[in-house]
Amino acid sequence: MSDIFNNELFEAFGSASDNVYIYVCDMKTDISRWSKAAVDYFGLSGEYLENAAAVWGQHVHPDDLKTYTEDITGVFSGKKKYHDCQYRARNASGGYVWVECKGSVIRNAEETPIIFAGLMTRIDGQSKYDSLTGLLTTHEIRYFDFASQPGTALLIGMDGFRKIISNYGYNTGDEILIKFSREINHLCKPGWKTLRFGGDEFLVIAFSSGPEEAADFYKEICRETDIIKLDDGRRVGISISAGGVLFPQDADAKEVLINKLEHSLEYAKNNQRGNLVFFSEEIAQKHERGLVLREDLKQSIKNDFKGFELFFQPFINPGDGTIAGCECLLRWKGERIKDSYPMEFIKILEDYGNIHDVGFWVMEHAIRQQAAWRDTYGELQVSFNVSYQQFLDDTFEEKAISYIEKYGANPNYIIIELTESCQVEAPKALAAMFGRLRARGFKIALDDFGTAYASMEMLKWLPVDYIKVEHSFIRELAQPGHDIDYVIVDSLLEMCRRLGYDSIIEGVEDSKVADIVGNLNATLLQGYHYSHPVCRKDFEKLLDKNVNTQTR
C-alpha cells in the first residue's frame with residue numbers, strides 16, 4: 001500500500017488545484033492520506049489519518065452529518081460502490097463551505113474492498129474572478145496578509161440599488177455594476193486590490209494607506225460615480241455608503257475584517273447614508289444591541305407577543321377640538337433591552353421577516369379596540385400603519401375581513417395607513433387590493449405624504465381616502481422664514497379637496513401652529529399639542545374628558 005500513498009501521481013494531483021482535494025484510503029488498515037491542500041484548508045492534523053471517516057465527520061456541519069454518515073457508511077460496509085455526496089464542511093478558519101465528495105471503491109479478485117479513493121471539490125460558488133465585473137472575488141482574500149501589512153479596507157455599497165433594478169431592469173443594473181467597478185479599479189493606487197464582495201458591494205484593500213487617504217479615495221469615488229452614463233446615452237444617478245476598517249489595528253484576520261466591515265457598512269447605511277464610517281466601539285455595541293433585540297423580539301413573538309403594546313394618539317376635529325379617533329402606534333419592551341424605540345425595533349422586524357406576524361397582531365388589536373370603544377364613546381376613527389411588505393402577504397385581505405367579523409367592528413371607521421409609499425414596486429396590484437378593501441368599507445390613507453416625488457406619483461395609481469401631510473412641513477409653520485411650508489401645505493390641502501380626499505395634518509405641536517392649521521380646512525389634526533401617544537387607560541381618560549366637554 002505504500003506505493004498507493006507515496007507516488008508521483010498522488011503528489012501531482014494533490015497540488016494541481018486549490019479547491020479540489022484528493023484522498024486515498026487503505027481499507028484494510030483504515031489509514032488514509034489526504035493532499036496537503038486539504039490539510040491546510042480544513043485544518044487537519046496531518047496528511048496521514050487513521051479512521052478518517054470519524055475524523056472528517058467532526059468537520060461536517062451538524063445539519064448535514066446524517067447525510068454524510070449514511071453515504072460513507074454504505075461505502076465502507078460494502079453496500080455501496082460509489083461515494084457521491086454534497087454537504088457543508090468546516091475549514092481551518094471555522095467557517096463552513098459546501099463541498100461535493102465523490103469516491104470509488106477498488107476491490108481485489110475476491111471482491112474484497114481494498115482501496116477507497118476520491119476527490120472533494122469546493123462548490124461554494126467561489127472562484128478567482130467574478131464573472132460579471134472581472135474583479136477578484138472575496139475567495140482571494142485568503143492570500144492577503146492583514147497581520148503584517150498595514151492598511152485600510154473599505155466595503156462600498158450602493159444605496160437603494162434594488163430600486164434601480166426595479167426602475168431600469170436587471171440588464172441595466174449589471175451595466176451599472178460593471179461601470180462602477182471599473183471606475184473604482186481605475187481610482188485605486190498601485191498595490192491596492194479591488195474585489196467584488198457580492199451584489200452591489202465592492203471591497204477595496206488599500207495597503208499602506210491610512211484613514212485620511214482612504215477617506216479622500218472614497219470622496220473621489222463619490223464624485224466620479226454620482227452619475228453613471230449608460231451605453232445608450234441614459235444617465236443614472238447613484239449614491240454610495242461605505243464601511244472602513246484599519247488593519248492590523250482593528251483586524252488582523254480575514255473573518256474579523258469582513259465582520260467589522262459589514263457592521264460598519266450597515267451602520268453607515270442606517271445612520272449616515274452617503275458617508276464613509278470607520279469601525280468603532282459604538283458600532284460594535286450597536287451591532288451587539290441589534291443581536292439582543294433580534295433574539296428578544298423573536299422570543300416575545302413566540303411568547304404570545306409579550307412586551308408588545310398599542311399606544312394611541314388622538315385625531316382632533318379642527319372645528320370644535322373634539323376627539324374623532326386615534327392612530328394606533330406600536331410600542332415594545334424586551335426582557336433585556338427596555339428602551340428600544342419604534343424605528344429601531346420595527347426595522348429589525350422588517351429586516352428579518354417578523355413584521356408580518358407583528359403587523360397582524362397590531363391589526364387585530366386595533367380593530368378589536370375600535371369595536372370595544374363603540375358602546376361608551378360611539379364610533380371612533382382608528383388607524384394603524386401597514387408597510388408595503390405587509391400588503392404583499394397573500395393573507396392580508398382575508399385577515400382584515402376576518403378580524404372585522406370576529407369583533408363586530410365597523411370597517412368604515414378603520415383607516416389602514418400605507419407607510420413608505422415610495423417603495424411600492426407594483427402599484428397596479430396594490431391599487432387592486434385597495435379597491436377591494438375599500439369596497440368592504442375600509443378607509444385607506446397615504447402616510448407621510450409629500451416627502452418624495454414617488455408619493456405624488458402614487459396618487460395616479462392608488463385609490464385612497466385620506467392623505468396624511470408629513471409633519472416636517474408643519475412643525476415650524478409659526479417660525480419666521482417658513483412661508484414656503486405654509487404654501488406647500490395649503491396647496492396639498494387644496495389638491496385633496498379637488499380630488500375628493502380627506503386630510504390629516506400631523507405634527508401640530510404648539511398652539512401657534514394649531515391656530516394656523518385650524519384655518520386650512522383640514523379634516524383632522526394630530527400632534528403633541530393635543531396629546532403624545534399614550535397607553536389605552538390614559539387615552540380613555542382623554543375620551544372621558546372629551547365626552548364631558550361635549551355634554552356641557
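Computed from a predicted model, the values in this text were never measured in an experiment. Sequence positions, counted from 1, serve as the residue numbers for this chain.
Side-chain contact between Leu330 and Phe345 is present, with heavy atoms from C-beta onward closer than 4.5 Å. Put simply, the side chain of Val236 does not reach to within 4.5 Å of the side chain of Ile227, judged on heavy atoms. Side-chain contact check for Val382 versus Ile415: every heavy-atom pair is 4.5 Å or farther apart. Looking at heavy atoms from C-beta onward, Asp490 lies in side-chain contact with Leu520 at the 4.5 angstrom threshold. Under the 4.5 Å side-chain criterion, counting only non-hydrogen atoms from C-beta, Ile414 is in contact with Phe384.
With respect to Glu335 and Lys306, a salt bridge is recorded, a charged nitrogen being found less than 4.0 Å from a carboxylate O. Taking the charged nitrogens against the carboxylate oxygens, Lys468 and Glu506 do have a contact shorter than 4.0 Å, which makes a salt bridge. A salt bridge is defined here as a Lys NZ or Arg NE, NH1 or NH2 lying under 4.0 Å from an Asp or Glu carboxylate O, and Lys406 with Glu364 meets this definition. A salt bridge links Lys189 with Glu213: the closest approach of a Lys/Arg side-chain nitrogen to an acidic carboxylate oxygen falls below 4.0 angstrom. A salt bridge does not link Lys512 with Asp510: none of the charged nitrogens is closer than 4.0 Å to a carboxylate oxygen. By the 4.0 Å N-to-carboxylate-O rule, Asp250 lies too far from Lys260 to be salt-bridged with it. Contact check on Arg289 versus Asp339 returns a salt bridge, with a Lys/Arg side-chain nitrogen under 4.0 Å from an Asp/Glu carboxylate oxygen. Taking the charged nitrogens against the carboxylate oxygens, Glu282 and Lys286 have no contact shorter than 4.0 Å, which rules out a salt bridge.
Asn185 and Thr194 share a side-chain donor-acceptor pair at under 3.5 Å. Donor-acceptor pairing under 3.5 Å is lacking for the side chains of Tyr530 and Gln313. With 3.5 Å as the limit, one finds no donor-acceptor pair spanning the side chains of Tyr218 and Asn275. Defined by atom type and a distance below 3.5 Å, a donor-acceptor pair is missing between the side-chain atoms of Ser387 and Gln389. Defined by atom type and a distance below 3.5 Å, a donor-acceptor pair is present between the side-chain atoms of Asn385 and Glu327.
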- Worked verdict on Leu380 versus Phe315 for side-chain contact (heavy atoms from CB on, under 4.5 Å): CA-CA 9 Å; Leu380 294 172; Phe315 293 140; over 6 Å; no
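In summary, the aromatic rings of Trp373 and Phe539 are positioned with their centroids under 6.0 Å apart.
For Arg374, the CZ atom is densely surrounded, since the number of other residues' heavy atoms within 6.0 Å is greater than 12.
The two residues Ala284 and Phe279 make their nearest non-hydrogen contact at CB-CZ, 3.7 Å. Contact between Leu418 and Leu430 at its shortest, heavy atoms only, is CD2-CD2, 4.0 Å. Listed here is the closest heavy atom pair of Leu310 and Ala366: CD1-N, 3.9 Å.
Classified by interplanar angle (parallel below 30°, tilted 30° to 60°, perpendicular above 60°), the ring pair Phe396/Phe391 is tilted. Using cut-offs of 30° and 60° on the angle between ring planes, the pair His532 and Tyr528 is parallel. Note on ring orientation: taking the six-membered ring where Trp is involved, the planes of Trp361 and Phe308 are tilted (angle from 30° to 60°).
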